Colleague: 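Got a structure for you, written out below as structure tokens; questions coming shortly.
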Amino acid sequence: MSLHDIAARAMHVLDPEDAHRLTIRLLALGLGPRAGGDDPILATQVAGLKLPNCVGLAPGFDKNAEVFGPMLASGFGFVECGTVTPLAQAGNPRPRLFRLSEDQAVINRMGFNNEGLEPFAARLARRGPGVVGANIGANKDAEDRVADYVTGLTRLWGLASYFTINISSPNTPGLRALQTKAALEELLGRLAQARDALPAAGRVPMFLKVAPDLEDGEVEAIVETVVANGLEGIIVSNTTISRPQLASRFAGETGGLSGAPLTALSTQMLSAFAQASAGRVVLIGAGGIASGQDAYAKIRAGASAVQLYSAMVFGGPGLVTRIKRDLATCLRRDGFASVAAAVGAN
Ligand SMILES: Cc1cc2nc3c(=O)[nH]c(=O)nc-3n(C[C@H](O)[C@H](O)[C@H](O)COP(=O)(O)O)c2cc1C
């Protein structure tokens with residue numbers, strides 16, 4: 001076990017949100033781990049984005065774009081920052097983040113706490129090489145939520161490697177209603193229009209991030225709306241409001257559940273999106289990835305790349321290196337020469 005992994009375990013004596021703040025500070029000071037070069041079998045392209053490896057850091061970890069550089073250096077193939085909203089907001093009252101150690105899971109009801117677009121944009125403007133996405137959302141009190149997404153897209157145009165439209169957080173009341181057909185048509189229609197009006201030189205992929213708690217008909221409607229409006233992909237999935245059997249005393253906390261209990265549910269949802277989209281958009285898989293095998297299962301179900309967050313809470317910063325090593329082993333064992341060759345193999 002590395003010193004970094006020992007430090008990550010020691011964090012568990014702290015309140016989870018204090019531990020997270022401290023981790024961000026240490027990373028910003030340059031005290032994070034540094035990974036070596038990537039196994040070439042893990043390199044891939046997603047909607048034109050060139051990734052040195054297909055394992056990304058999911059949003060929520062680096063909400064304010066403070067540590068994307070150190071997280072890329074630690075071995076992630078890409079980092080998604082945010083969710084950022086136009087104006088700074090405090091989020092929900094603490095406690096709002098819970099470690100469910102017995103379940104290898106997390107429940108959060110952060111509520112889009114973030115510093116707003118200006119500091120986020122200033123930090124992205126100074127970034128070096130590497131793929132850094134911006135996950136954009138709406139302020140809780142916004143009168144016109146769609147306008148907030150357009151504001152985020154416009155302000156960060158030319159700064160982010162890609163955009164993710166997050167309508168799947170369970171912690172902003174009413175936000176997930178944007179996944180219903182009429183609301184989604186308006187949102188994606190206005191975003192597509194805004195994107196077409198922005199300077200073509202800054203054009204990058206735009207993805208929609210969805211919840212794992214959708215009915216069959218909703219999956220088809222979302223895919224058709226995404227395709228009709230020219231978005232490049234769908235990220236499946238955010239946290240779940242469902243509560244499978246859990247052992248931890250925090251199981252009854254309100255919020256989104258992530259980590260191990262989300263693995264199967266989010267992979268099933270990914271398969272449903274793969275079937276409905278039939279190759280018309282790219283898919284990125286997230287939800288409960290804690291091993292190379294978990295990442296491989298998402299790829300076989302149709303994901304061109306994957307993202308993780310919760311497992312890092314338990315596995316420490318060395319986890320991404322182990323996941324990449326084991327994923328490369330899975331690919332070679334089954335005779336795939338690249339990640340792309342295994343996408344949707346199921
Ligand atoms: C503490 C916490 C905060 C999160 N914040 C965001 C967020 O701001 N925006 C977002 O799109 N997803 C957010 N997520 C969801 C993750 O990006 C991811 O989709 C989800 O947790 C499933 O992946 P995992 O099981 O590997 O964590 C958050 C997750 C956690 C645990």
Side-chain angles (χ1 to χ4, degrees), residues 45-49 59 78 80 82-86 117 131 133-139 142-169 172 174-238 269-270 272-286 302-305 307 343-344:
Q45 277 212 39
V46 177
L49 300 169
F78 61 110
E80 188 170 315
T83 296
V84 62
T85 56
L117 274 174
V131 171
N135 178 303
I136 57 179
N139 278 112
E143 269 179 33
D144 179 355
R145 284 202 166 146
V146 175
D148 273 18
Y149 289 91
V150 173
T151 300
L153 181 77
T154 307
R155 179 64 187 92
L156 299 174
W157 193 253
L159 300 177
S161 308
Y162 69 88
F163 288 94
T164 298
I165 312 304
N166 179 18
I167 51 168
S168 47
S169 164
T172 296
L175 193 83
R176 286 174 310 144
L178 289 170
Q179 293 177 130
T180 56
K181 193 163 173 52
L184 192 63
E185 271 169 3
E186 196 208 334
L187 172 69
L188 299 190
R190 277 169 66 185
L191 278 166
Q193 213 175 25
R195 184 163 72 150
D196 288 342
L198 285 160
R203 196 178 174 95
V204 291
M206 189 154 77
F207 304 133
L208 182 73
K209 183 168 179 182
V210 298
D213 312 309
L214 298 167
E215 311 284 331
D216 278 357
E218 292 181 289
V219 171
E220 268 86 52
I222 289 170
V223 167
E224 295 315 321
T225 312
V226 163
V227 170
N229 287 288
L231 273 73
E232 283 75 8
I234 305 176
I235 303 185
V236 189
S237 72
N238 214 310
M269 194 49 65
L270 176 66
F273 273 93
Q275 200 162 14
S277 61
R280 289 176 292 164
V281 292
V282 297
L283 300 172
I284 295 174
S304 292
Q307 294 178 315
V343 173

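This chain uses plain numbering: 1 for the first residue, then up along the sequence. On a predicted model such as this, the values are computed, not experimentally measured, just so you know.
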Colleague: Arg176: which residues meet the salt bridge (charged side-chain N to carboxylate O under 4.0 Å, His left out) condition with it, sequence neighbours left out?
Modeller: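 In terms of salt bridge (charged side-chain N to carboxylate O under 4.0 Å, His left out), with neighbours along the sequence ignored, Arg176 is linked to no residue.
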Colleague: Which pairs pass ring-ring contact (aromatic ring centres under 6.0 Å, His included) with one or both residues in residues 181-201, sequence neighbours excluded?
Modeller: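 Of all non-adjacent pairs touching residues 181-201, none passes ring-ring contact (aromatic ring centres under 6.0 Å, His included).
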Colleague: Got Ile284 and Thr164 here, is their nearest side-chain heavy-atom distance under 4.5 Å?
Modeller: no
Colleague: Can you name the side chain to side chain donor-acceptor pair (under 3.5 Å) partners of Thr83, sequence neighbours left out?
Modeller: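 Listed in chain order: Asn135, Asn166.
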Colleague: According to salt bridge (Lys or Arg N to Asp or Glu O under 4.0 Å), does anything in residues 202-221 pair up with another residue at least two apart or in another chain? List the pairs.
Modeller: Asp196-Arg203
Colleague: What is the minimum heavy-atom distance between Asn238 and Ser168, and which atoms define it?
Modeller: ND2-OG, 3.0 Å
Colleague: Holding to side chain to side chain donor-acceptor pair (under 3.5 Å), I want the full list of residues that pass it with Glu186, two or more places apart in sequence or in another chain.
Modeller: Arg190
Colleague: For side-chain contact (heavy atoms from CB on, under 4.5 Å), just list the numbers for Phe207 and Val282, CA-CA rounded to whole Å, side-chain angles, deciding distance to a tenth of an Å, and then say yes or no.
Modeller: CA-CA 9 Å; Phe207 304 133; Val282 297; 3.9 Å; yes
Colleague: Go through the structure and list residues passing side chain to side chain contact (heavy atoms under 4.5 Å, CB included) with Thr180, not counting sequence neighbours.
Modeller: Ala183
Colleague: Give me the one residue out of Asn229, Leu178, Leu208 that meets side chain to side chain contact (heavy atoms under 4.5 Å, CB included) with Leu184.
Modeller: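 Passing option: Leu208.
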Colleague: Checking Gln179 now: which residues fulfil side chain to side chain donor-acceptor pair (under 3.5 Å) with it, not counting sequence neighbours?
Modeller: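 Applying side chain to side chain donor-acceptor pair (under 3.5 Å) to Gln179 gives none.
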Colleague: Does the side-chain contact (heavy atoms from CB on, under 4.5 Å) test come out yes or no for Val210 and Ile235, once each step is laid out?
Modeller: CA-CA 6 Å; Val210 298; Ile235 303 185; over 6 Å; no
Colleague: Minimum heavy-atom separation for Trp157 to Pro199, with atom names?
Modeller: NE1-O, 2.9 Å
Colleague: So which of Asn139, Asp148, Thr172 actually passes side chain to side chain donor-acceptor pair (under 3.5 Å) with Thr85?
Modeller: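 Going through Asn139, Asp148, Thr172 one by one, the side chain to side chain donor-acceptor pair (under 3.5 Å) with Thr85 is satisfied by Asn139 alone.
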Colleague: For Arg145, check salt bridge (charged side-chain N to carboxylate O under 4.0 Å, His left out) against everything at least two apart and list the hits.
Modeller: none
Colleague: Give the minimum heavy-atom separation between Ser237 and Pro212, together with the two atoms involved.
Modeller: OG-CB, 3.4 Å
Colleague: Taking only residues two or more places apart in sequence, or in another chain, which ones meet Ser161 in a side chain to side chain donor-acceptor pair (under 3.5 Å)?
Modeller: Arg127
Colleague: Compare every heavy atom of Ala303 with every heavy atom of Val343, then report the nearest pair and how far apart it is.
Modeller: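 Here Val343 and Ala303 meet closest at CG2-O, 3.5 Å.
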Colleague: Less than 4.5 Å apart, any side-chain heavy atom of Met269 and any of Val219?
Modeller: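 The answer is yes; the side chains approach within 4.5 Å.
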Colleague: Which atoms form the tightest heavy-atom contact between Val46 and Ala305, and what is the distance?
Modeller: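 Reported closest heavy-atom pair: CG2-CB, 3.9 Å.
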Colleague: Would Leu270 and Leu283 satisfy side-chain contact (heavy atoms from CB on, under 4.5 Å), going step by step from the backbone distance to the final call?
Modeller: CA-CA 8 Å; Leu270 176 66; Leu283 300 172; 4.0 Å; yes
Colleague: What closest approach, in Å, do Ala274 and Gly302 show between heavy atoms, and which atom pair accounts for it?
Modeller: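 Residues Ala274 and Gly302, closest heavy atoms: CB-CA, 4.4 Å.
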Colleague: Are there more than 12 heavy atoms of other residues, nucleotides or ligands under 6.0 Å from atom CD of Gln275?
Modeller: no
Colleague: Applying salt bridge (Lys or Arg N to Asp or Glu O under 4.0 Å) as the test, list every pair that has at least one member in residues 156-165; sequence neighbours left out.
Modeller: none
Colleague: Phe273 and Leu214: side-chain contact (heavy atoms from CB on, under 4.5 Å), yes or no, with the steps?
Modeller: CA-CA 11 Å; Phe273 273 93; Leu214 298 167; 3.8 Å; yes
Colleague: List for me each residue that meets salt bridge (charged side-chain N to carboxylate O under 4.0 Å, His left out) alongside Glu185, sequence neighbours excluded, and say none if there are none.
Modeller: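 So Glu185 forms a salt bridge (charged side-chain N to carboxylate O under 4.0 Å, His left out) with Lys181.
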Colleague: List the residues meeting ring-ring contact (aromatic ring centres under 6.0 Å, His included) with Phe163, not counting sequence neighbours, and say none if there are none.
Modeller: none
